[in-house]
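Some notes on the structure that comes next.
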Amino acid sequence: MINPNQLTLVELQQKIKSKEISPHELIQKTQDQIAKVDTEIFAYVSINERAKDQLTSLVSKGNDLPLLGIPMAVKDVLSTKGLKTTASSKILENYIPPYDATVVKKLKDAGAIVIGKTNCDSFAFGASTENSGFGITKNPWDQSRVAGGSSGGSAAAVAADECTFALGTDTGGSIRQPSSFCGVTGLKPTYGACSRFGLLAMASSFDCPGPIAKTVEDCRVIFNLMKGRDNQDATSYYKDYGAERKKEKIKIGLAKEFFSEGINEEVKKTVKKAASLLEENGFLIEEISLPHTQYAIATYYILVPSEISSNMARYDGIRFGKSREVLEDEVKRRIVLGTYSLSAGYYDEYYDKAARVRSLITKDYLEAFSKVDVILGPVSPTTAFKIGEKTKNPLEMYLADVLTSSANLAGIPGLALPCGFDEKGLPVGMQILGPHFSEDLLFFIGETYQNLTDWHKKKPNLGGKNGN
Amino acid sequence: MSNFTLSDLLRLSKLSQIKLSEKELDKFSTQISEILNFISQLSNINTQEVSPQTHSTGRKNVFREDEVKPSLTQEEALKNAPATYKGFFKVRAIFTEETQK
């Protein structure tokens with residue numbers, strides 16, 4: 001018998017349409033899977049107790065909705081009407097939003113059912129989910145390791161078949177890195193392509209909500225339902241780019257900085273193998289350079305905390321929420337750091353300087369995209385690291401974003417997808433980066449790769465012994 | 001770049017309204033020093049000819065019609081408030097009469 005939890009969104013759409021699977025059965029099976037494995041994984045911080053009732057009322061309307069009954073997990077920084085949204089922080093422990101984030105609303109309107117809210121680093125500040133105020137999400141492939149972050153709960157929930165797809169947010173790698181650590185597929189859209197309305201803000205000029213799913217094809221379907229202009233977010237914007245880009249030979253750039261010294265050898269080897277496979281199948285490969293890559297983290301950790309210190313000022317505990325003392329350590333650290341770089345006497349030295357380097361990093365990408373269509377590289381310098389390995393030293397944790405944060409500085413889209421395993425049996429992920437609004441191109445390359453390989457079909461061994 | 005000191009941290013803690021315990025002050029001042037030290041590598045880059053970038057897709061002056069639309073009800077807007085008074089947020093007093101002196 002088929003296990004509906006393991007099916008992709010596109011497979012489920014067909015089976016629901018042909019009445020092979022009923023949406024109620026699917027929701028029940030998803031809830032059973034959560035009950036079975038989530039005590040080990042801790043992907044969810046809260047469960048939607050009304051999921052079945054919501055489905056019943058949707059079905060009774062007899063709608064022919066594209067995502068009818070598809071169980072969706074939502075990162076806890078995205079507002080869900082009537083369902084607790086804490087940003088995985090103690091300061092919002094009891095907060096229940098009176099409205100949905102636009103991206104959540106769009107997918108609910110398409111028939112998706114919010115199955116629960118997933119754990120993350122509090123306010124999405126982190127790269128391992130260890131900064132959550134409520135507990136650490138474990139990697140489904142090895143529970144002594146992190147699921148990545150900050151959307152660790154979302155990636156782990158997809159990997160552990162606790163939902164069909166999940167929503168995450170990516171400010172410096174927070175969709176791509178956990179997707180890579182958990183062996184699933186995730187898209188960081190172009191900045192502005194998906195509305196930020198209802199997203200508990202981290203850094204407003206960086207934050208991007210996006211899908212984490214079992215395949216590139218699924219990500220494409222979800223993204224196409226999420227994207228678009230929203231009057232509630234003045235920075236939201238989408239333009240179709242795909243059609244102008246149809247050409248015979250797509251040129252993929254390998255940035256030499258993405259294969260430099262600090263990157264794990266097995267990771268490099270695995271990603272290069274994926275590039276060779278694409279080359280054998282008609283893509284052109286060319287070495288390129290993004291010379292300012294080494295400065296991305298320093299730039300990011302001035303600009304992002306600066307925006308954070310401003311955004312977090314709203315949590316004053318005056319109208320609702322708890323007082324600022326209960327904020328988690330990393331939140332306090334970033335508020336203080338950001339306040340410093342924006343304060344009188346330091347602004348030019350820090351914020352203004354970093355904003356200028358941001359221009360250089362963006363220019364690197366623009367120049368690269370005049371030579372190649374997309375850039376391919378590893379998502380993370382290593383596979384999933386051990387729980388506790390980097391928590392003592394925040395700077396070391398920041399460096400986990402070394403290959404992802406530059407795309408956020410430039411606002412370009414990136415698709416992360418599994419491309420193999422290391423010797424420990426941990427998933428290795430690669431990312432394909434493209435010019436603004438080139439999501440269609442990324443999907444095309446990603447789908448071609450997933451048609452040639454089956455890394456995305458591998459499942460962790462759960463509900464029994466650890467490992468795979 | 002500048003040396004980050006405990007007095008800097010105390011000033012920032014006041015500016016950002018975050019009370020830090022002795023332990024936190026000790027831990028954060030070391031950690032933030034390390035982070036700033038790492039960040040100081042940016043001073044190696046010549047940025048005189050470059051203008052600062054504050055956003056990424058180049059959208060400017062995005063306007064929309066100011067339309068009257070249904071919004072949250074007063075009840076919904078107050079739902080998360082621990083204390084309300086006649087349809088308003090009830091908050092602690094910010095200004096008090098000067099009693100000391």
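The model shown is predicted, which means the values in this text are computed figures rather than measured ones.
Proximity to chain B is limited to the side chain of A:L399, based on heavy atoms less than 4.5 angstrom apart. Contact of A:A410 with chain B is made through the backbone alone, with heavy-atom distances under 4.5 Å. Contacts between B:E65 and chain A at a heavy-atom distance below 4.5 Å are absent for every atom of the residue. For chain A, the nearby parts of B:I45 are the backbone and the side chain; heavy atoms of each come within less than 4.5 Å. Interface remark: A:R334 contributes no atoms to any contact with chain B (heavy atom separation under 4.5 Å). Contacts between A:F206 and chain B at a heavy-atom distance below 4.5 Å are absent for every atom of the residue. At a 4.5 Å heavy-atom cutoff, the contact between A:K392 and chain B is made by backbone atoms alone. For A:T190, the part lying under 4.5 angstrom from a heavy atom of chain B is the side chain only. At a 4.5 Å heavy-atom cutoff, A:S309 makes no contact with chain B through either its backbone or its side chain. Interface remark: A:I412 contributes no atoms to any contact with chain B (heavy atom separation under 4.5 Å).
Heavy-atom pairs under 4.5 Å with chain B peak, among A:Y191, A:Y237, A:Y95, at A:Y237. Note on B:D8, B:L20, B:V50: by heavy-atom pairs under 4.5 Å with chain A, the leading option is B:V50. Of all the listed residues (B:L78, B:T57, B:V91), the one sharing the greatest number of non-hydrogen pairs under 4.5 Å with chain A is B:T57. Considering only heavy-atom pairs separated by less than 4.5 Å from chain A, the leading option among B:K79, B:E34, B:E76, B:Q31 is B:Q31. With chain B as the partner, the residue from A:T235, A:L409, A:N231, A:N94 showing the most heavy-atom pairs under 4.5 Å is A:N231. The candidate from A:M312, A:H292, A:R319 with the greatest count of non-hydrogen atom pairs under 4.5 Å with chain B is A:R319.
Contact check for A:F320 versus A:I96: no side-chain heavy atoms found under the 4.5 Å cut-off. Taking 4.5 Å as the limit, every side-chain heavy atom of A:Y315 sits out of range of all side-chain heavy atoms of A:L327. The shortest side-chain heavy-atom distance between A:S260 and A:Q294 does not fall under the 4.5 Å cut-off.
In this structure, B:S56 and A:R358 approach most closely via the heavy-atom pair CB-NH2, 4.3 Å. Listed here is the closest heavy atom pair of A:R229 and A:S236: NH1-O, 3.0 Å.
For B:T73 and B:E75, the side-chain atoms include no donor-acceptor pair closer than 3.5 Å. At a cut-off of 3.5 Å, with distance as the only test, no side-chain donor of A:S195 or A:Q232 sits close to an acceptor on the other residue. No hydrogens or angles considered: nothing links the side chains of A:D364 and A:T293 as a donor-acceptor pair under 3.5 Å. With hydrogens and angles left out, the side-chain atoms of A:N131 and A:D329 include no donor and acceptor closer than 3.5 Å. Using modelled atom types and a 3.5 Å distance limit, the side chains of B:S43 and A:K353 yield no donor-acceptor pair.
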